[in-house]
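Numbers restart at 1 for each chain; the letters A, B, ... are given by sequence-line order, proteins then strands. Values reported hereafter were calculated over all heavy atoms of this structure, with side chains retained and with hydrogens, waters and symmetry mates removed.
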Amino acid sequence: MHATIQKLLEQALSAVAKDASLATLASMDPQTERTRDARHGDFTSNVAMRAAKLLGQKPRELAQRIAAAIPEADIVHKVDIAGPGFINLTLSATAYREEMARVLSARQQYGSSESAQGRRVLVEFVSANPTGPLHVGHGRHAAFGASLANILRATGHHVDTEYYVNDAGRQMDILALSVWLRYLELAGIEFEFPHNCYQGAYCKTIAQTIASQSGTALTGDPAVLSQLIADESHEPEAKLDALIGCAKSLLGPEGFAIFFGAAIEEILGDIRDDLHEFGVDYDRWYSERSLTENNLIDNAISKLRASDLLYEKDGATWFRTTDFGDDKDRVVIRENGATTYFASDIAYHKEKCERGYDLLINAFGSDHHGYIARLQAALAGFGQPIDTLEVRLVQFVVLFRGSEKVQMTTRGGNYVTLRDLREEVGNDAARFFYVSRSNDQHLDFDLELAKSASNDNPVYYVQYAHARISSTLRKLDDSGAKLPLPNAAALAPLCENEELQLMRQISRYGEVVQTASDNRAPQMIVQYLRDLAAEFHSFYNAQRIIVDDPQVRDARCLLITATQQVLANGLALLGVAAPDTM
RNA sequence: GCGCCCGUAGUUCAGCUGGAUAGAACGCCGGCCUACGAAGCCGGAGGUCGGGAGUUCGAAUCUCUCCGGGCGCGCCA
């Protein structure tokens with residue numbers, strides 16, 4: 001619909017541009033857009049005002065000339081010049097009725113397009129370290145990433161989703177250590193559990209499982225351990241590293257691997273289940289360890305070295321990321337010979353590109369924003385355009401219980417999990433609520449409010465509209481009447497103001513999906529669905545649907561069927577159910 | 001100190017690449033069920049879009065500056 005209007009304006013501009021003094025108009029974009037106020041018609045163009053200055057003309061006169069040149073079309077009811085020089089177009093009721101017919105024949109496809117022409121995109125999101133259950137902050141990432149992937153698909157992108165599993169590194173060693181220490185407690189060994197180990201109850205559960213499967217003999221010499229824990233001469237983090245070393249030497253590589261493996265298997269499995277229940281499934285879970293196993297980190301570093309982008313300083317190897325806009329160079333190989341986390345990420349993102357994606361979108365926590373420049377530098381170092389990687393920052397979720405802010409520390413194990421949240425407020429409310437705000441805004445999530453006043457949650461407002469339509473259509477079905485084919489004749493009776501308003505709203509859907517996709521903005525879908533539901537409820541209260549006149553009844557039933565379809569399509573993008581009863 | 005994000009109604013937030021009288025929800029006030037689902041609808045009150053300057057025919061939107069808040073600035077991950 002928007003495209004048709006745009007084309008009409010372009011034709012008008014070309015026609016007016018035949019006058020040599022106005023030739024520039026031929027190359028101008030009319031920039032037609034929806035009006036914000038129905039009194040200004042349906043679409044508007046500001047081209048006359050933009051051109052007026054360039055051409056030294058009066059905007060309203062120019063607008064007149066352009067308006068007069070707009071070709072005759074059935075879908076345009078009238079053209080007005082308003083304000084300083086807007087060209088306003090009001091569409092005919094026929095145009096909207098035709099659009100309803102399109103909704104009803106396209107069904108689930110309505111609103112989707114091929115505008116991105118199969119552009120290959122990889123969306124990476126959540127990627128939380130598997131050191132414990134997902135918390136409410138991760139839930140926001142999951143809801144955002146999954147919805148964004150759906151929206152991108154709806155505009156013709158070929159999208160894959162991926163979770164990067166940080167299954168290597170110190171945090172994982174600390175986790176394995178934490179499990180082992182819980183295991184030792186089970187074996188009856190007494191000591192004070194370090195405060196900077198993972199405190200969560202899940203460590204005990206995993207220890208329990210290992211004990212029941214492998215017995216309680218994997219202790220090494222407890223005296224060494226007790227001595228180390230009691231030793232107060234080291235600062236806590238150094239002591240933690242000493243404990244990890246101690247565990248590895250007491251247990252041997254195989255013994256330590258039992259705890260490491262059990263911990264990651266259990267926790268990653270839990271994360272996978274949790275996300276699946278939340279309606280978030282990935283095309284791929286990418287293991288950080290596999291980078292090492294496949295030698296990808298060394299390969300990446302060699303390639304950078306070959307391009308003369310590395311240098312040695314203070315015993316470490318540095319990557320000249322400042323060549324590509326970063327504010328300081330970054331270490332890739334430490335003085336002790338170990339590669340950094342950044343080195344893994346370089347290899348990972350290089351590999352992503354090699355898999356043939358045109359665009360990489362990463363959803364990061366806002367605390368990682370300092371990481372963007374160096375990652376883009378890494379890709380640039382391999383000759384990729386810097387905008388191959390697009391990072392979307394997701395701001396923190398601040399959790400409240402009533403007016404009390406809930407403090408959360410991962411290692412302390414004191415936090416509300418995504419699972420807790422889902423059980424309390426439900427998947428639908430959680431998914432909808434999470435993406436109702438722009439990702440770069442903080443989200444205050446009050447659990448008490450979400451529980452006690454769930455009726456106030458906008459998701460119910462939208463779902464209610466859908467259920468109400470289902471109910472009305474059941475009523476029609478009970479009466480034995482059948483929906484007619486959505487042709488022009490069947491839709492012809494739709495002419496009441498509320499009907500036109502509703503059709504107008506429905507016909508915006510495809511444009512909203514496109515804009516949401518362009519802006520990576522799922523909240524625009526939320527906003528739209530609320531507007532559509534509101535328009536439907538207004539119509540519902542103003543006009544009776546199942547009336548005696550079969551022509552009017554059928555037309556209205558087609559209209560609400562179209563409404564229902566668009567509500568369902570939009571909710572599907574957000575991963576929220578469209579219920580027939582509530 | 002430097003960098004990124006943010007500041008819109010009492011509260012929580014929308015505002016699509018600069019458009020016309022800045023919107024919604026919750027809360028508040030007043031109406032609407034002998035009609036398809038009142039989890040709904042209709043009406044009302046409520047604003048110096050943090051302050052100031054600039055660009056523009058036009059600024060919540062772009063630029064600068066100041067104020068206030070969040071986050072980051074490791075050979076951690």
Inset, instruction - I would like to know whether A:I66 and A:L9 meet side chain to side chain contact (heavy atoms under 4.5 Å, CB included); could you show each step before the answer? - result: CA-CA 8 Å; A:I66 297 168; A:L9 261 296; 4.2 Å; yes
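Other residues, nucleotides and ligands contribute at most 12 non-hydrogen atoms within 6.0 Å of the CG atom of A:D548.
A:D531 places its CG atom 11 Å from the C1' atom of B:rA25, with the value rounded to the nearest Å. As rounded to whole Å, 17 Å separates atom P of B:rC73 from atom CG of A:D329. In this structure, CZ of A:R34 is placed 18 Å from P of B:rG15, rounded to the nearest angstrom. Across the protein-nucleic acid pair, A:Y371 atom OH and B:rC76 atom C1' stand 10 Å apart, rounded to whole Å. Atom-to-atom, CZ of A:F396 to C1' of B:rC4 comes out at 13 Å; the value is rounded to the nearest Å. Atom NE2 in A:H369 sits about 12 Å away from atom P in B:rC6, given to the nearest Å. Whole-Å rounding puts the A:I560 CD1 to B:rG40 C1' distance at 15 Å. As rounded to whole Å, 13 Å separates atom C1' of B:rA24 from atom CD of A:E535.
One cannot find a donor-acceptor pair under 3.5 Å joining the base of B:rG72 and the side-chain atoms of A:H368. Contact of A:N88 with B:rA20 (side chain to base): a donor-acceptor pair of N or O atoms is detected under 3.5 Å. On a pure distance criterion of 3.5 Å, no polar donor-acceptor pair joins the side chain of A:S438 and the base of B:rA14. For B:rG72, the base has no donor-acceptor partner in the side chain of A:D367 [N/O atoms by modelled type, under 3.5 angstrom]. Not a single donor-acceptor contact under 3.5 angstrom links the side-chain atoms of A:H537 to the base of B:rC41.
Of the two residues contacting RNA chain B, namely A:E288 and A:D440, the nearest-nucleotide position lying further toward the 5' end is that of A:D440. Along RNA chain B, the nucleotide nearest A:G370 and the nucleotide nearest A:D444 are compared for position; the residue whose nucleotide lies closer to the 5' end is A:D444.
Distances were taken from every side-chain heavy atom of A:R50 (C-beta onward) to each of B:rC16, B:rG19, B:rC75; the shortest belongs to B:rG19. Closest to the side chain of A:R334, from the set B:rG15, B:rC76, B:rC4, is B:rC76. Which of B:rA77, B:rG15, B:rA24 sits closest to the side chain of A:R36 comes down to B:rG15. Ranking B:rC75, B:rU17, B:rG40 by closeness to the A:A316 side chain, first place goes to B:rC75.
Using C1' as the reference atom, B:rU8 and B:rG69 are 16 Å apart when rounded to the nearest Å. Nucleotides B:rG18 and B:rU63 place their P atoms 11 Å apart, quoted to the nearest Å. Of the C1' atoms belonging to B:rC2 and B:rU55, the separation is 28 Å, rounded to the nearest Å. Rounded to a whole angstrom, the distance from the P atom of B:rG54 to that of B:rC28 is 44 Å. Atom name P, nucleotides B:rC62 and B:rG7: the rounded distance is 10 Å, in whole Å. Taking atom C1' on both nucleotides, B:rG40 is separated from B:rC33 by 10 Å, rounded to a whole Å. Taking the C1' atoms as reference points, B:rA9 lies 10 Å from B:rC49, given to the whole Å.
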Legend entry - Pair assignment for RNA chain B - dot-bracket with | for other-strand partners, Watson-Crick or G-U under 3.5 Å: (((((((..((((.....[...)))).(((((.......))))).....(((((..]....))))))))))))....
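Side-chain atoms of A:Q171 and A:Y341, non-hydrogen and from C-beta on, never get closer than 4.5 Å to each other. Between A:V331 and A:F342 there is no side-chain heavy-atom pair separated by less than 4.5 Å.
In this structure, A:Q441 reaches the sugar-phosphate backbone alone: every heavy-atom distance under 4.0 Å involves primed, P, OP1 or OP2 atoms, never a base. At a threshold of 4.0 angstrom between heavy atoms, the contacts of A:R530 are confined to the sugar-phosphate backbone, with no base atom among them. At a threshold of 4.0 angstrom between heavy atoms, the contacts of A:P59 with the nucleic acid are absent. As judged by a 4.0 angstrom heavy-atom cut-off over every strand, A:M49 is placed among the base-contacting residues. Contact annotation for A:D314: base contact, defined as any heavy-atom pair under 4.0 Å involving a base atom. Looking at heavy-atom distances under 4.0 Å, A:Q523 makes contact with sugar-phosphate atoms alone, never a base. Nucleic acid contact for A:Q395: sugar-phosphate only, since backbone atoms but no base atoms lie under 4.0 Å from a heavy atom of the residue.
For A:Y528, no side-chain nitrogen or oxygen approaches OP1 or OP2 of B:rG23 to under 4.0 Å. Here A:Q527 does not reach the OP1 or OP2 of B:rG23: none of its side-chain N or O atoms lies under 4.0 Å away. One finds no side-chain N or O of A:R520 lying less than 4.0 angstrom from the OP1 or OP2 phosphate oxygen of B:rC16. Note on A:K328: a side-chain N or O is less than 4.0 Å away from OP1 or OP2 of B:rG74. The side chain of A:S538 places an N or O atom within less than 4.0 Å of a non-bridging phosphate oxygen (OP1 or OP2) of B:rC42.
Figure legend: A:R468 and A:Y540 shown as a cation-pi pair, the cationic atom lying under 6.0 angstrom from the six-membered ring centre and within 45 degrees of its axis.
Counting only N and O atoms by type, the side chains of A:N362 and A:Y164 include no donor and acceptor under 3.5 Å apart.
Contact detail for A:R140 and A:Q395: the closest heavy-atom pair is NH1-O, 3.0 Å.
For A:N541 (side chain) and A:H537 (main-chain N/O), a donor-acceptor pair under 3.5 Å exists by modelled atom type. Panel note: side chain A:D167, backbone A:S287; no donor-acceptor pair is recorded below 3.5 Å.
The stretch residues 515-526 of chain A participates, sequence neighbours left out, in these side-chain hydrogen bond (donor to acceptor under 3.5 Å, both in side chains) pairs: A:T155-A:S517, A:E390-A:R520, A:Q514-A:D518.
The glycosidic torsion of B:rC57 lies more than 90° away from 0, which places this base in the anti conformation.
Here A:H442 does not count as stacked on B:rG70, because the ring centres are not under 5.5 angstrom apart with planes under 30°.
Aromatic pair A:H369/A:F364: centroids not less than 6.0 angstrom apart. No close placement of the A:Y434 and A:F144 rings is indicated, their centers lying 6.0 Å or farther apart.
For the segment residues 337-349 of chain A, residues with any heavy atom less than 4.0 angstrom from an atom of RNA chain B are, sorted by number, A:Y341.
Classified by interplanar angle (parallel below 30°, tilted 30° to 60°, perpendicular above 60°), the ring pair A:H2/A:F43 is tilted. Using a 30° and 60° split on the angle between ring planes, A:F396 and A:H442 fall in the perpendicular class, above 60°.
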Inset, instruction - Using a 4.0 Å cut-off on protein heavy atoms (strictly under), produce a 5'-to-3' string for nucleotides 33-38 of chain B with B for base contact, S for backbone-only sugar-phosphate contact, and - for none. - result: --BBBS
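Remark: A:N336 pairs with A:R334, A:A338 by the side-chain contact (heavy atoms from CB on, under 4.5 Å) rule, at least two apart or across chains. Residues meeting the side-chain contact (heavy atoms from CB on, under 4.5 Å) test with A:I333, sequence neighbours left out: A:I301, A:R305, A:T317, A:T339.
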